[in-house]
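One structure is given here, and the rest of the page talks about it.
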2 protein chains.
Amino acid sequence: MGTHPDVKRRRKKQGLIRARQHLFRSGETSNRIVVVRSGWALRSAMTADGRRQVLSILLPGDIAGGELLVRGQIRNPIQTITPVDYCVFEVDQLKEIAAEDPKLVWTFVDLCFSGREASEARLVDLGRRNAEQRLARLILELHERLTAKNLAEEDSIPFPLRQQSIADMLGLTQVHVSRVMRSLRENRIVQVRNGVLTILDMNALVEVAQQYSH
Amino acid sequence: MGTHPDVKRRRKKQGLIRARQHLFRSGETSNRIVVVRSGWALRSAMTADGRRQVLSILLPGDIAGGELLVRGQIRNPIQTITPVDYCVFEVDQLKEIAAEDPKLVWTFVDLCFSGREASEARLVDLGRRNAEQRLARLILELHERLTAKNLAEEDSIPFPLRQQSIADMLGLTQVHVSRVMRSLRENRIVQVRNGVLTILDMNALVEVAQQYSH
DNA sequence: GTGTTTCTTTAACTTGTGTTATAAATCCAG
DNA sequence: CTGGATTTATAACACAAGTTAAAGAAACAC
């Protein structure tokens, strides 16, 4: 899609934030939207009894807090899992720009649909696929997204995710994520070392991701 | 939100379609968007091995095929589960109207966000709640939505869903949905008769929906 | 009505994933 | 380098939900 030229011109501020910090808190009423420039963050929801469901992974280039364009407040907190540097856009300014150039609003519609498609893809995973498939598909998704952003080398990608975060994303427990990781490791399909995940056997990984199941 | 006045004026056609028919097929490239006027429909995704995940339930007032505003084709098929009558809007015309009145585009952004929020709520259900909670929450959601549309009487709502569809929505099997329904029935929490579901004990239902779990 | 098909219920049995607990790695501050 | 905190690995056991099968019930066609 690419950033809109008017938006670039009006870029206001930027910032750097450490790992494990909130980029947005639930309920926050802010008028700034953030674009991640480097680093990873997780957007999640909490249940009443304190368990977490990760809704999406934010990678460089992704927008955080876009709902502020149409909602008064942030619903889902966003926390960094690595240091993140970002730039900030004022909601009011974006709206002004959009008023001048209606095409921009269609860009928002488009972005919003992409986000929805992504969360529906995850829905299918949680509803209809087993743990092994979910993990394999998550790895493939990250590999694709990072490759598109030129952040992968060959079949290696940065991998700062803790097993607990993966569990919270895939609707599993950390223990079970560990089991499935072991299976992928022992079958020489993927390898994780020093925060880098390497896909050793792409065909096998795709196979696992697509295997018929339940 | 309410339908935009310009849109109402240009309403083109309407139609009636029987139960178990496709309102949209996957891959369809149509230039018509549909608003459901009465009846229920399901939007779903299929896995490679033919299992189904229901992504959303369309009730009267809901839009079907909205993605055609920003995408070339329909990704997820929509099938009626009751007779549906609907009205049709041409995509091109909507875009023309939107060009004249940019507010309308913001309405699309808003709608799109609502859809995303709904699918993320379901994501939390599938990732972090057990079968009983999922079903209780589905019933409460339908009750709320139908009440808002004035389609509920007291605590009774029309309920044309087959157990298999509920299963495909909640990531369960039909057999297990039957078990959970039995539990709700035997505890005198809900009752289904002649396609009408009655909430006999709202407090208990809310309790089930929120119980701490796993 | 009668027969046919589609749903639902129920039971018996299996299994994937959760739970709990502990040990082993790894990371990090000082 | 050392000690403490996180994170990961493993094992043993438990249970929610899946599977299969078969019988009832309901819906539907003629």
Side-chain angles (χ1 to χ4, degrees), chain A residues 18-20 42 47 49-53 79 81-83 125-136 159-187 190-197 208 211-214, chain B residues 18-21 42 47 49-53 79-83 125-136 138 158-187 190-197 208 211-214:
Chain A
R18 280 175 304 137
R20 284 154 206 272
L42 302 181
T47 63
D49 53 329
R51 282 166 318 141
R52 181 174 72 151
Q53 175 65 44
Q79 284 167 281
I81 56 175
T82 70
D125 277 3
L126 297 205
R128 290 295 174 224
R129 293 193 237 262
N130 67 23
E132 229 188 359
Q133 288 179 87
R134 291 181 211 174
L135 183 53
F159 199 74
L161 290 170
R162 307 293 95 203
Q163 288 183 353
Q164 184 60 59
S165 297
I166 298 173
D168 291 343
M169 205 170 325
L170 302 183
L172 302 169
T173 58
Q174 177 269 317
V175 174
H176 200 58
V177 169
S178 175
R179 287 197 274 248
V180 177
M181 286 293 276
R182 162 147 86 143
S183 146
L184 292 180
R185 189 191 324 130
E186 288 182 344
N187 290 313
V190 306
Q191 181 185 66
V192 182
R193 238 173 9 208
N194 296 322
V196 173
L197 180 150
V208 170
Q211 97 211 197
Y212 291 0
S213 89
H214 251 298
Chain B
R18 282 175 302 138
R20 284 153 206 274
Q21 303 298 117
L42 301 180
T47 63
D49 53 328
R51 283 165 319 141
R52 181 174 71 149
Q53 175 65 43
Q79 284 167 280
T80 60
I81 57 175
T82 69
D125 277 4
L126 297 205
R128 290 296 174 221
R129 294 193 235 262
N130 67 24
E132 227 187 1
Q133 289 180 84
R134 290 180 213 175
L135 183 53
L138 172 63
F159 198 75
L161 290 171
R162 306 295 95 202
Q163 288 183 353
Q164 184 60 61
S165 296
I166 298 172
D168 291 343
M169 205 169 327
L170 302 184
L172 303 168
T173 58
Q174 178 269 318
V175 174
H176 200 58
V177 169
S178 174
R179 289 197 273 248
V180 177
M181 286 293 276
R182 161 146 89 143
S183 147
L184 292 180
R185 188 191 325 131
E186 289 182 344
N187 290 312
V190 306
Q191 181 185 65
V192 182
R193 239 175 3 212
N194 297 323
V196 173
L197 180 149
V208 170
Q211 100 213 189
Y212 291 179
S213 87
H214 253 299

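Labels below follow one simple rule: chain letters A, B, ... track the order of the sequence lines, proteins then strands, and each chain is numbered from 1. Every value quoted in this text rests on a predicted model; they were computed, and no experiment measured them.
A search for salt bridge (Lys or Arg N to Asp or Glu O under 4.0 Å) contacts involving R179(A) returns nothing, not counting sequence neighbours. Taking T47(A) as the reference, D49(A) meet the side chain to side chain donor-acceptor pair (under 3.5 Å) condition, with sequence neighbours excluded. By the side-chain contact (heavy atoms from CB on, under 4.5 Å) test, S165(A) is found to be paired with L42(A), R52(A), L161(A), R162(A), residues two or more places apart in sequence or in another chain being considered. Partners of T82(A) according to the side chain to side chain donor-acceptor pair (under 3.5 Å) rule, which considers only residues two or more places apart in sequence or in another chain, do not exist here. For R185(B), there are no side chain to side chain donor-acceptor pair (under 3.5 Å) partners at least two apart in sequence or on another chain. Here T173(A) pairs with V175(A), H176(A) under the side-chain contact (heavy atoms from CB on, under 4.5 Å) rule; sequence neighbours left out. Among residues two or more places apart in sequence or in another chain, the side-chain contact (heavy atoms from CB on, under 4.5 Å) test is passed with P83(B) by A19(B). Judged as a side-chain contact (heavy atoms from CB on, under 4.5 Å), and not counting sequence neighbours, the contacts of Q164(A) are A167(A), D168(A), Q174(A).
Recorded end-axis angle for the helix from dG1(C)-dC30(D) to dG30(C)-dC1(D) stands at 60°, based on five pairs per end and rounded to 10 degrees.
Between dC7(C) and R20(B), a contact under 4.0 Å exists linking OP1 or OP2 to a side-chain N or O. For R162(A) and dT8(D), the shortest distance from a side-chain N or O to OP1 or OP2 is below 4.0 Å.
Contacts of G171(A) with the nucleic acid, taken as non-hydrogen atoms under 4.0 Å apart, involve only primed sugar atoms and P, OP1 or OP2.
Contact of the L184(B) side chain with the L135(B) side chain is registered, since non-hydrogen atoms from C-beta on lie closer than 4.5 Å.
Rounded to whole Å, the distance from CG on L184(A) to P on dA9(D) is 12 Å. If you take CG of N130(A) and C1' of dA16(D), they are 16 Å apart, rounded to a whole angstrom. Taking atom CD on Q133(A) and atom C1' on dG16(C), their separation rounds to 13 Å, with Å as the unit. Between M181(A) atom CE and dT7(D) atom C1' there is a gap of 12 Å when expressed in whole angstrom units. Whole-Å rounding puts the F159(B) CZ to dT8(C) P distance at 9 Å. For the pair L161(B) CG and dC7(C) P, the computed distance is 12 Å after rounding to whole Å. Across the protein-nucleic acid pair, L172(B) atom CG and dT15(C) atom C1' stand 16 Å apart, rounded to whole Å. Computed from coordinates, the R128(B) CZ to dA16(D) C1' distance equals 15 Å when rounded to whole Å.
Using a 4.0 Å cut-off on heavy atoms, none of the residues of residues 163-170 of chain B approach DNA chain D.
For residues 169-178 of chain B, no pair satisfies salt bridge (Lys or Arg N to Asp or Glu O under 4.0 Å), with sequence neighbours left out.
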Write down the protein N/O and nucleotide N/O pairs, taken from nucleotides 10-12 of chain D, whose separation is under 3.5 Å; answer none if there are no such pairs.
from: dT10(D); atom 1: OP2; to: R182(A); atom 2: NE; distance (Å): 3.4

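When each of V177(A), V180(A), L172(A) is paired with R134(A), the side-chain contact (heavy atoms from CB on, under 4.5 Å) condition holds for L172(A) and for no other.
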